[in-house]
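Single-structure report; data block below.
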Amino acid sequence: MSKINIAIDGYSSTGKSTIAKLIAKHFSFTYIDTGAMYRCLTLFGMRNGWITDGEIDEPAICANLDKVKVTFGDSKGKSLVFLNSEDVSDEIRSMAVSQKVSVISQIKEVREYLVHLQQELGMDKGVVMDGRDIGSVVFPTAQLKLFITASPKIRARRRFDELKGKGVTVDYDTVCDNLQKRDSMDTSRIESPLIQTDDAVLFDNSNLSPEEQMRMLISLVQCRIS
Ligand code: DC
């Protein structure tokens, strides 16, 4: 079977990563979560005191980009994200990181650095990558581009349930507010904003079960491969 790159973009909490993981597993491709890369960099900046509630030390973040090594793994079916070899899979999904990551991902140097790493990861094809600028910037010639969307209420509910399931104490309105702010920052930023490219397939999964989504997507991928 020939290998292709699949670019998956879309709003926050649309289930992009679940879809991407399942497609990657089905076709034995490699899944890359680019949001996790931006989240790790944000966590690294927070731990070093460069990102606080008051201010963001952009020069310090940019001068230390190469000190952030993000790697992926899995254990018992759970995807893991490592920041400099430390498992930070849960910490990068905390509200504290979620509230800062969209600001950090607006920094030009941060984007250039991560986009370059992402392009290297996809050089040999066979990669399913999800994020906000994959079809537009990282892999503009990807053989399949998907733009995933779902209604804001459904997305907030999914995210709230996910956090609750992990034992995080958070209220629904905070989650809703965070999603709206991130959507707005991600779509309006100057540096590679979230857009649906002309050649991307729009996929609204508001009313689709995971099984229905997979059936539709697998046949779409099969078509592109052949
Ligand atoms: O996919 P996610 O929600 O984990 O992404 C976290 C943030 O990172 C998101 O609000 C925007 C940013 N991001 C980005 O700007 N570009 C990407 N390719 C992936 C994520």
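Predicted, not measured: the structure shown is a model, and the values here were computed from it. Both counts, for ligands and for their atoms, begin at 1 and track the order of listing.
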Expected list for residues 214-226: side-chain donor-acceptor pairs under 3.5 angstrom, two or more places apart:
unit_1, atom_1, unit_2, atom_2, d
S219, OG, M216, O, 3.1
R224, NH1, Q143, O, 3.1
S226, OG, Q222, O, 3.0
S226, OG, C223, O, 3.3

Extract all N/O-N/O pairs under 3.5 Å that connect ligand 1 to the protein, and present each with both atom names and the distance rounded to 0.1 Å.
unit_1, atom_1, unit_2, atom_2, d
ligand 1, 1 (O), R132, NH1, 2.9
ligand 1, 3 (O), R39, NH2, 3.3
ligand 1, 3 (O), R132, NH2, 3.0
ligand 1, 3 (O), R182, NH1, 2.9
ligand 1, 4 (O), R39, NE, 2.7
ligand 1, 4 (O), R39, NH2, 3.4
ligand 1, 10 (O), S102, OG, 2.8
ligand 1, 10 (O), R182, NH1, 3.2
ligand 1, 10 (O), D186, OD2, 3.1
ligand 1, 15 (O), R111, NH1, 2.8
ligand 1, 15 (O), R111, NH2, 3.4
ligand 1, 15 (O), R189, NH1, 2.8
ligand 1, 15 (O), R189, NH2, 3.2
ligand 1, 16 (N), R111, NH2, 3.0
ligand 1, 18 (N), T34, OG1, 3.0
ligand 1, 18 (N), R132, N, 3.2
ligand 1, 18 (N), D133, OD1, 2.8

Exercise for the section: Report yes or no: does N205 contribute a side-chain atom to a donor-acceptor pair with the main-chain N or O of T14 at less than 3.5 Å? Expected result: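 Side chain of N205 to backbone of T14: a pair is present.
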
Problem - Backbone of L80 reached by a side-chain donor or acceptor of D74 within 3.5 Å - result: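 No: the side chain of D74 does not pair with the backbone of L80.
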
Handout entry: Set of residues satisfying side chain to side chain donor-acceptor pair (under 3.5 Å) with respect to D204, sequence neighbours excluded
Key =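 Once residues adjacent in sequence are excluded, the partners of D204 under the side chain to side chain donor-acceptor pair (under 3.5 Å) criterion are S206.
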
Practice task
Could you pull out the closest heavy-atom pair between S98 and N178, with the gap in Å?
Solution key: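 For S98 versus N178, the nearest heavy atoms are O-ND2, 3.4 Å.
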
Exercise for the section: With sequence neighbours excluded, give me every side chain to side chain donor-acceptor pair (under 3.5 Å) pair touching residues 55-65. Expected result: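 Pairs touching residues 55-65 that pass the test: N64-K67.
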
